[in-house]
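A short worksheet on the structure shown next.
By convention in this document, chain letters (A, B, ...) are assigned in the order of the sequence lines, proteins followed by strands, and residues within each chain are numbered from 1.
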2 protein chains.
Amino acid sequence: MQKQQTLSRNQKIIFDLIDKSPEPMKAYSILFNVQKKGIKAPLQVYRALDKLIEIGKIHKIESRNAFIACQNSSCQISKATAFSICESCENVSEISNSKLSKYLSNFADMSGMKYNKYNLEFFGLCKKCKSK
Amino acid sequence: MQKQQTLSRNQKIIFDLIDKSPEPMKAYSILFNVQKKGIKAPLQVYRALDKLIEIGKIHKIESRNAFIACQNSSCQISKATAFSICESCENVSEISNSKLSKYLSNFADMSGMKYNKYNLEFFGLCKKCKSK
DNA sequence: TAACGCTATGTAATAATATAACATTTACAT
DNA sequence: ATGTAAATGTTATATTATTACATAGCGTTA
Ligand SMILES: [Zn+2]
Ligand SMILES: [Zn+2]
Ligand SMILES: [Zn+2]
Ligand SMILES: [Zn+2]
């Protein structure tokens, strides 16, 4: 069990919004949605995002510049992330596959590099979009 | 053997620059470096980058918004990319490991999704930075 | 309590990254 | 030579992210 973090006010507002969203949210869309709660500036959003990423509550989908709530609430895998992304409807889901994460966490090549983090993004067509 | 693409003028100028660079280059740094050759606007750079990515001559390092020449000249793997990134010196190199690419290309989970592309980024400390 | 360190917040300005819209030119196959 | 797709040129603008500086809250401990 990971230590339960207490979120600050802005962090909680922004996490709740992302967590409720069915799709990854972009920073300025987040900003727009929380302005009525008093968060008015980009920096306030980015600071909260940075913190939420650091503690593993959300992840950034790098290829989309968007943010998604962690879908593996019971485990700390912010340093080992994998996503599947539909290139048609842009649906994104976090892959939670212990064989995959074991394989990648143990991956070593000849570079002499010690990896402590990875991010993997798969692209394709989701079930729905495939059958269209 | 992949079909040899003929690069257009702008594409060639920009590819040569990236290919000579020891590190990934950012779009506006590319722009700055090719202005003396008549490429004056961001869009000219981005168009060439898009094309070069499409044909697999370069890759985008998503976590860095930077572009690197493909280091696997003999094979077409623009749809299956893996990189190792040093978080200290920002050195980036393309991983060419057939077991890894086979494993990931064949990866399937319960989502019913057919993947046709992936991008993997490993982070850590390179040999040099580790020994400091 | 007061002083301190640390985290979070507020605000304005600006930097960095990327695309839209439109006009023109080039390559090249018929 | 004509049609068509690809590439280019140009201006403006959209989107994403950070710098710099000031202020406020909160727990520790002198
Ligand atoms: Zn997660
Ligand atoms: Zn889909
Ligand atoms: Zn490559
Ligand atoms: Zn290094």
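A side-chain donor from one of A:N119 and A:E121 sits under 3.5 Å from a side-chain acceptor of the other. A:N91 and A:E23 share no donor-acceptor pair across their side chains, judged by distance under 3.5 Å alone. No side-chain donor-acceptor contact under 3.5 Å links A:S63 and B:E62. For the residue pair A:D109 / A:Y115, a side-chain donor-acceptor distance below 3.5 Å is found, with atom types taken as modelled.
Residue A:K26 places at least one side-chain N or O under 4.0 Å from the OP1 or OP2 atom of D:dT16. Dashed line: the shortest gap from a side-chain N or O of B:Y46 to OP1 or OP2 of C:dA18 is under 4.0 Å. An OP1 or OP2 oxygen of D:dT8 is reached within less than 4.0 angstrom by a side-chain nitrogen or oxygen of B:S8. Taking only side-chain nitrogens and oxygens, B:N65 comes nearer than 4.0 Å to OP1 or OP2 of C:dA18. Residue A:Q44 has no polar side-chain atom (N or O) positioned under 4.0 Å from OP1 or OP2 of C:dT9. For B:Q11, a side-chain nitrogen or oxygen approaches OP1 or OP2 of D:dA7 to under 4.0 Å.
For the pair B:K12 NZ and D:dA6 P, the computed distance is 22 Å after rounding to whole Å. Taking atom NZ of B:K60 as the reference point, atom C1' of C:dT19 lies 12 Å away to the nearest angstrom. The distance from atom CD of B:E62 to atom P of C:dA18 is 9 Å, rounded to the nearest whole Å. In this structure, the CG atom of B:L52 is 16 Å from the P atom of D:dA6, given to the nearest Å. For the pair A:Q35 CD and C:dT11 C1', the computed distance is 14 Å after rounding to whole Å. One atom, CZ of A:R64, and another, C1' of C:dA18, lie 15 Å apart when rounded to the nearest Å. Distance, B:I39 CD1 to D:dA7 P: 14 Å, rounded to whole Å. Taking atom NZ of residue A:K51 and atom C1' of nucleotide C:dT9, one finds them 14 Å apart after rounding to whole Å.
In the interface, the side chain of A:Y28 is paired with the base of D:dA17 through a donor and an acceptor atom under 3.5 Å apart. On a pure distance criterion of 3.5 Å, a polar donor-acceptor pair joins the side chain of B:R47 and the base of D:dG9.
Across all strands, A:L43 comes closer than 4.0 Å to base atoms (heavy-atom distances).
In the hydrophobic clustering of this structure, A:Y28 groups with A:I14; members are Ile, Leu, Val, Met, Phe, Trp, Tyr whose side-chain heavy atoms approach within less than 4.5 Å, directly or through other members.
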